[in-house]
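Every value quoted in this text rests on a predicted model; they were computed, and no experiment measured them.
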Amino acid sequence: MDYSEKIAAAKEVFGKLLEEQLKRVEGMKAQGGFTDYAALPKIVIGVCGGDGIGPAITSQAQRILEYLLSDEVKSGKVEFKVIDGLTIERRVEEHAAIPADVLAELKTCDVILKGPTTTPRKGDPWPNVESANVAMRKELDLFANVRPVRIPEQGIDWTFYRENTEGAYAVGSKGVHVTEDLGVDFTVVTTQGCERIIRAAFEYAKANKKTRVTAVTKANIIKTTDGKFLDVFREVAKDYPEITADDWYIDIMTAKLIDENRRREFQVMVLPNLYGDIITDEAAEFQGGVGTAGSANIGKRYAMFEAIHGSAPRMVQEGREKYADPCSVIRAAAMLLAHIGYTEQADKLYQALDICTVTEKKYVITGRDTGATGAQFADYIMETIAAL
Ligand code: IPM
Ligand code: MG
């Protein structure tokens, strides 16, 4: 068999990928510092509902944000901007992970609250458009995916710093079928990409009086890319001598998270993209499932806050979206508030969430007409805040 033509075609694809990635490295080298929200004349909060149940739950979180920031809106310090059109239909129509007009709108915001978006799976009626989530993280260079998991009664207080723009996701939709029988995907890491996420994890630890940062890789096997992640981790750790820095392999870390005697010891974990994706679902499950978790996607210029569950299109088909649980995106809204400096409002929202979902629980949300609607729940949160 002569494969030379197929190999040449694959090499061409690979060459283009390398050019793109090297350009990204240059971009990272030229990057400035983090946005200082207090110094901005105005903070624009984009509210991008996504699709499926997204618009229904995101609009409830928006009501709560508007309530908590009503003074700031009045004074002109904060402005809300609703961005429609990040739907699977529009994305398919435009053959784009994010339609161009939506992306342009997103870039006029400083921070974004985002609802879930449908990611086509193999076998779905949709063509294989890239995940809108992944595209937004890349387009806005949101390199730090911060996912806290807290279960105080079990002594669990974890913060995951998942790298969000590189690893298996960097060119995840650009692998090559070299021949009918041979498929190759690419995993990419860069020194700059590792350094900024690892430093962000240590800075978080330092600012929040955490004493330990743990890197999670599979550097014993994936020697080049995970190896680089670990090398950079060890280098950066030297700048934080007061913090214990250790490293674990992803397989045993996955096991240790269910070891009740050991798991309490972990505090901040920093990991490449795919491991972060997997382990944060596992971790969120202890807290009550992915529906209870919010996630922050932070870059130097932009930041985006989202629920980590899917768009539940079936609920919409059955006309049940108004019964969808808005808690995860409300939690994301609390993270947004804290990120832009409104920590007092964020704390109130966290307290209210705790009262409304754990201690008092006047309403239950079942996802059907047997439970409260998202709007009733949002009212309940606001009443609870008013009574604090
Ligand atoms: C997440 C999700 C996404 C991811 C999907 C929807 C693309 O699982 O935010 O963890 O894999 O990153
Ligand atoms: Mg995930």
Side-chain angles (χ1 to χ4, degrees), residues 25 28 137 142-151 154-170 172 185-287 293 295-298 308:
V25 170
M28 281 189 283
R137 294 168 186 166
L142 308 171
F143 62 86
N145 191 329
V146 186
R147 299 185 164 185
V149 169
R150 302 218 160 91
I151 314 167
Q154 291 178 27
I156 291 177
D157 184 354
W158 298 325
T159 307
F160 294 91
Y161 269 72
R162 165 188 175 189
E163 203 296 319
N164 218 13
T165 50
E166 306 200 326
Y169 283 58
D185 267 315
F186 304 102
T187 297
V188 177
V189 304
T190 64
T191 309
Q192 291 73 16
C194 293
E195 149 115 39
R196 61 187 187 174
I197 183 72
I198 292 165
R199 202 167 280 288
F202 276 99
E203 282 297 314
Y204 169 84
K206 191 171 155 187
N208 291 279
K209 309 215 165 16
K210 307 283 180 195
T211 53
R212 181 176 178 190
V213 177
T214 305
V216 186
T217 69
K218 189 73 186 176
N220 50 340
I221 304 297
I222 315 292
K223 293 191 191 290
T224 305
T225 48
D226 281 7
K228 182 187 266 302
F229 193 93
L230 195 51
D231 285 345
V232 175
F233 176 78
R234 291 191 178 131
E235 244 350 272
V236 172
K238 290 184 189 154
D239 294 340
Y240 301 86
E242 70 286 9
I243 296 172
T244 305
D246 61 343
D247 83 276
W248 288 63
Y249 294 133
I250 180 66
D251 47 354
I252 189 65
M253 175 56 94
T254 310
K256 284 298 151 197
L257 285 195
I258 57 174
D259 176 343
E260 289 181 17
N261 294 321
R262 299 296 302 280
R263 63 184 181 188
R264 291 188 199 101
E265 294 163 13
F266 297 111
Q267 299 179 17
V268 180
M269 281 158 271
V270 61
L271 12 66
N273 210 336
L274 183 58
Y275 308 143
D277 177 45
I278 297 167
I279 214 166
T280 53
D281 271 13
E282 182 196 12
E285 193 64 23
F286 299 129
Q287 182 185 265
S295 135
N297 297 268
I298 296 170
I308 72 171

Subject >> Heavy-atom donor-acceptor pair, Asn164 side chain to Leu142 backbone, under 3.5 Å >> reply: yes
**OP:** Give the minimum heavy-atom separation between Ile243 and Lys210, together with the two atoms involved.
**Re:** CG1-O, 4.0 Å
**OP:** Could you list the residues that satisfy ring pair (Phe, Tyr, Trp, His ring centres under 6.0 Å) with Tyr161, not counting sequence neighbours?
**Re:** Tyr204
Original post:
Any donor-acceptor pair under 3.5 Å linking the side chain of Arg212 with the backbone of Glu265?
Top reply: yes
Original post:
How long is the span from the CD atom in Glu163 to the CZ atom in Arg137, to the nearest 0.5 Å?
Top reply: 10.5 Å
Original post:
Do you know the tightest heavy-atom contact between Val216 and Pro272?
Top reply: O-CD, 3.1 Å
Original post:
Among side-chain atoms of Ser295 and Asn145, is any donor-acceptor pair under 3.5 angstrom?
Top reply: yes
**OP:** Using a 4.5 Å cut-off on heavy atoms from C-beta on, say whether the side chain of Ile156 contacts that of Arg150.
**Re:** no
Subject >> Test item: Ile279 and Leu257 side chains (from C-beta on) under 4.5 Å apart, heavy atoms >> reply: yes
Subject >> Rounded distance (nearest 0.5 Å) linking atom CD1 of Ile250 with atom OG1 of Thr254 >> reply: 4.0 Å
Original post:
Given the rule in the side chain to side chain contact (heavy atoms under 4.5 Å, CB included) test, do Ile222 and Thr217 qualify, once you have shown the distances and angles that lead to the verdict?
Top reply: CA-CA 8 Å; Ile222 315 292; Thr217 69; over 6 Å; no
Original post:
Is there side-chain contact between Lys218 and Asp251, with at least one heavy-atom pair below 4.5 Å?
Top reply: yes
**OP:** List in chain and number order the residues that pass ring pair (Phe, Tyr, Trp, His ring centres under 6.0 Å) with Phe233, two or more places apart in sequence or in another chain; answer none if no residue qualifies.
**Re:** Phe202
**OP:** To the nearest 0.5 Å, tell me how far Asn297 CG sits from Arg162 CZ.
**Re:** 8.0 Å
**OP:** Not counting sequence neighbours, which residues clear side chain to side chain donor-acceptor pair (under 3.5 Å) with Gln267? List them please.
**Re:** Thr211
Subject >> Pairwise side-chain contact, Trp158 with Arg263, heavy-atom cut-off 4.5 Å (strictly under) >> reply: yes
Original post:
Is the closest side-chain heavy-atom distance between Glu203 and Tyr240 below 4.5 Å?
Top reply: yes
Using atom types as modelled, flag every donor-acceptor pair under 3.5 Å from a side chain in residues 185-192 to any protein atom, sequence neighbours excluded.
residue, atom, partner, partner atom, Å
Thr190, OG1, Glu166, OE2, 2.6
Thr190, OG1, Gly193, N, 2.8
Thr191, OG1, Lys228, NZ, 2.9

Original post:
Rounded to the nearest 0.5 Å, how far does CG of Asn220 lie from OH of Tyr249?
Top reply: 4.0 Å
Subject >> Close side-chain approach of Thr214 and Met253, heavy atoms under 4.5 Å >> reply: yes
Original post:
Just wondering, do Lys256 and Phe266 contact through their side chains at under 4.5 Å, heavy atoms?
Top reply: yes
**OP:** Go through Phe229 and Val270 one step at a time and tell me if the side chain to side chain contact (heavy atoms under 4.5 Å, CB included) criterion holds.
**Re:** CA-CA 10 Å; Phe229 193 93; Val270 61; 4.0 Å; yes
Subject >> Pairing residues for Arg196 by the side chain to side chain donor-acceptor pair (under 3.5 Å) criterion, not counting sequence neighbours >> reply: Gln31, Asp141, Thr165
**OP:** Apply side chain to side chain contact (heavy atoms under 4.5 Å, CB included) to the pair Lys206 and Glu242, showing each step before the final yes or no.
**Re:** CA-CA 9 Å; Lys206 191 171 155 187; Glu242 70 286 9; 3.8 Å; yes
Subject >> For Glu282, all residues meeting side chain to side chain donor-acceptor pair (under 3.5 Å), sequence neighbours excluded >> reply: none
**OP:** Decide side chain to side chain contact (heavy atoms under 4.5 Å, CB included) for Ile198 and Glu235; before the verdict, give the C-alpha distance in whole Å, the side-chain angles of both, and the deciding distance to 0.1 Å.
**Re:** CA-CA 10 Å; Ile198 292 165; Glu235 244 350 272; over 6 Å; no
